[in-house]
Amino acid sequence: MLMSNVFLRLSKHPALWMLLLALTLGTLSAAFLPAAPAAEIRAALALAQEPTGSLQVPPAPPVKTAPPALSNRIVEYHMSVQLDADNKILQGAQSVTWKNPGSKPVSELYFHLYPNAFQSKKTTFNKESGGKLRADEMTKDSFGRIDISSVQTEDGLDLSSTLQFVQPDDDNPQDQTLVKVRLPQPVNPGEKLTLKMDFAVQLPYVFARMGYKDDFIMAGQWFPKLAVYEPKGTRGRVEEGWNLHQYHGNSEFYADFGLYNVRIQVPSAYTVAATGFPTKPAVDDGTKKTYSFYADDVHDFAWSASPDFVYTEEPFSTPNIPGMKIKLYLDPAHKELKDRYLYAAKRALTKYSEWFGTYPYSTLSIVVPPAGANGAGGMEYPTLITGWAAGEDPTGFGLERVIVHEIGHQYWYGMVASNEFEEAWLDEGFTSYAEDLLMETEFGEKPNLALESSYMTNPAPLKLDAWRYDSHSHYADNVYTRAKLVLKSIEDQIGQKQMLKVLHTYFERWKFRHPATLDFQQTLEAVTKTSWSEFFDQFVYNGMMTDYSIKQVQTRKVKKAGEVLYESAVVVQKRGGSYKDVPIQFHFTDGSTVEQTWAGKESLTTFTVTSKSPLEWAAIDPYYTLVLENKRINNFYQVQIDEKWNVRFHIGIVKIIESIVGGFTW
């Protein structure tokens, strides 16, 4: 997901940066899920054109020749959903099959019920977020929920009475985003179980990735979705078991790969964009239109619908992508910007497939929400992304940057599929790094890394549960920006060519396998044949930045061979993490300079320089090569200062302000 505050800092409002530098969601208490939808939802459903019982899960689409599986395909969903456009309700039915990937019998299943994050102001999501996400705030209509009315086994055994909400992270009884289903008998290793479920979703006014705005619908995280059962060894796990987390204010998602066969019924005027590809043309009876979609080797299914979409598609292929279709669903306000969206998508697909590996799916859908629906904007789903809402000013390269970022997620969120509850940096940081590289390579948009680094005033470990950061901005600063800077720092030490080899190797080795931070570290070490333990201990597993300081300077006159010289002792100090090859420049009053390189390991060291003229100033990293250096105010030391300026000044900020005034863009 593209964080708008990060995006604004890096792409649209340099003036905000300069200012910052200068000023250097009724409560529900039921313990069990109700057997029927809430009263207000039941009343609305009575208006639906088709009763719940007539919703049948679709049969599997015919496949002439089954392609080889790319993933382990732990889950299989057959779903049917009907949109009540007047009441903003989704009436759904699903048949979900789960295969036990472990070595022990499993006696319960767990489902994420993400829409319940919006059912009251006391949910964990709303308590943690304060009813805000990015620049969007909840409104009086931003309440929604999901209710399961029936859970049955294949032979018709009703399990509804066994459903129980669980809150493993915070014991919040008002949070109903995770539910347990007790099974009549265990599922043995390698065996499968199928459950049939009926459910209804009251959509909120668009907020936090899902909902409605007028006739526009964004159905993200909209169905009961199985949690991940991790076998021993997965992501370093010592014992197998369920990976269980509620929906938090900062967290995104984690799910198993599988198959999705989905039938979506909407009013005839609507066009539907969805994960995967259509298995047959939409069927229109004059009132309702039914779409059928199929996707395999994905871990989620999202869709969007609107009667206003301006639709276009183009075939696309590269040497690394045999052939696919780019599908664009534009809000009418952006119909004249079609070519910009398509160009950004093509350049991102071309370069990412070249750098990291092939994009194996047959489609990529791009949805542009209407003005006022930015709660649905800037988000990634398998084979479907959303841009910023059409109300955003498309000046500069902001439009392109969002598309480039979200397509990057197809790799690190979509295919590599890290656990975003626990290791969000493996998606967001990697995607932000790829975004910067693409924007610089294809659009000439070079990031100001020194400025971004200086904003890291509260660094924290990257391998933290997403909700354990101090705030949303603290989360974003670390898992987006600082994580990107860590990756860029690795690149600076090994070179861009070898860095791309590392990322390509990591992608090819771990796609469809849910890796952990250690897996990336080991890939890096295998490619570079170097230990990175010290680096990871400081900057990944701990929240360190580098902070090198000039502590003091002492100059005295000395005589050597009858000549009066000036000898200066410059004391430098390491106040943060260690970084090899720290450049230091000494500048003398006659205009001459001397440059030295410090290994940067010692806590304190002294450089002695001798010259014919006095030392005027000394600077650590004068060319801003240390991307993890965040306190440049102590990098510069002026030996003699006019009394009216009797302060140390920050050469880094001076240079940055000069650049801003000079009109550069990021």
Do [X] and [Y] come within less than 4.5 Å of each other through their side chains, counting heavy atoms only?
X	Y	value
L226	L109	yes
P204	F118	yes
V272	V266	yes
I146	P224	yes
N116	F165	yes
V181	Y110	no
T431	W412	yes

query: How far apart are the C-alpha atoms of H299 and Y413, what are their side-chain angles, what is the distance that settles it, and do they pass the ring-ring contact (aromatic ring centres under 6.0 Å, His included) test?
result: CA-CA 10 Å; H299 52 75; Y413 149 85; 4.8 Å; yes
Answer yes or no: is there a donor N or O on one side and an acceptor on the other, between the side chain of [X] and the main chain of [Y], under 3.5 Å?
X	Y	value
T312	L328	no
E428	M1	yes
R347	M439	no
T177	Y247	yes
Y352	V404	yes
S365	A273	no

Is the closest side-chain donor-acceptor distance between [X] and [Y] under 3.5 Å?
X	Y	answer
D158	S160	yes
Y341	H334	yes
N243	N419	yes
S149	D198	no
S120	T123	no
D175	Q246	yes

query: Is the shortest side-chain N to carboxylate O distance from E400 to R340 below 4.0 Å?
result: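 R340 and E400: salt-bridged.
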Could you work out, with salt bridge (Lys or Arg N to Asp or Glu O under 4.0 Å) as the rule, every residue matching [X], not counting sequence neighbours?
X	result
E128	none
E108	none
R73	D296, D297
D427	none

Anything under 30° is parallel, anything over 60° is perpendicular, the rest tilted; go ahead and classify [X] against [Y].
X	Y	value
Y311	Y329	tilted
H112	Y114	parallel
W467	H248	parallel
Y254	H514	perpendicular
Y77	F223	perpendicular
F356	Y411	perpendicular
Y291	F293	parallel

- request: Go through the steps for D155 and T153 under the test side-chain hydrogen bond (donor to acceptor under 3.5 Å, both in side chains), then give the verdict.
  value: CA-CA 5 Å; D155 56 10; T153 63; 2.3 Å; yes
At their closest point, which heavy atom of [X] faces which heavy atom of [Y], and how far apart are they?
X	Y	value
S317	G323	CB-CA, 4.0 Å
L244	A227	CD2-CB, 3.9 Å
L384	A302	CD1-O, 4.0 Å
D285	K288	OD1-N, 2.6 Å

message: Using the side-chain contact (heavy atoms from CB on, under 4.5 Å) criterion, which residues pair with V283? Sequence neighbours excluded.
response: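 In terms of side-chain contact (heavy atoms from CB on, under 4.5 Å), with neighbours along the sequence ignored, V283 is linked to no residue.
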query: Less than 6.0 Å separating the ring centroids of F207 and Y205?
result: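 No, they do not, as the ring centres are separated by 6.0 Å or more.
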Working for ring-ring contact (aromatic ring centres under 6.0 Å, His included), residues F443 and F397: CA-CA 8 Å; F443 297 95; F397 289 105; 5.3 Å; yes
- request: With side-chain hydrogen bond (donor to acceptor under 3.5 Å, both in side chains) as the test, would you mind laying out the steps for N320 and T358 before giving the verdict?
  value: CA-CA 5 Å; N320 299 294; T358 192; over 6 Å; no
- request: Any pair with a residue in residues 202-215 that passes salt bridge (Lys or Arg N to Asp or Glu O under 4.0 Å), sequence neighbours left out, goes on the list, sorted by first then second residue, please.
  value: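 Found R209-E252.
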field: Working for salt bridge (Lys or Arg N to Asp or Glu O under 4.0 Å), residues E435 and R401
entry: CA-CA 7 Å; E435 169 201 332; R401 183 175 290 276; 2.5 Å; yes
task: Check step by step if side-chain hydrogen bond (donor to acceptor under 3.5 Å, both in side chains) holds for D300 and Q221.
output: CA-CA 8 Å; D300 197 8; Q221 310 301 330; 2.7 Å; yes
Member of K346, K325, K338 meeting the side chain to side chain donor-acceptor pair (under 3.5 Å) criterion with E314: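 When side chain to side chain donor-acceptor pair (under 3.5 Å) is applied between E314 and each of K346, K325, K338, only K346 qualifies.
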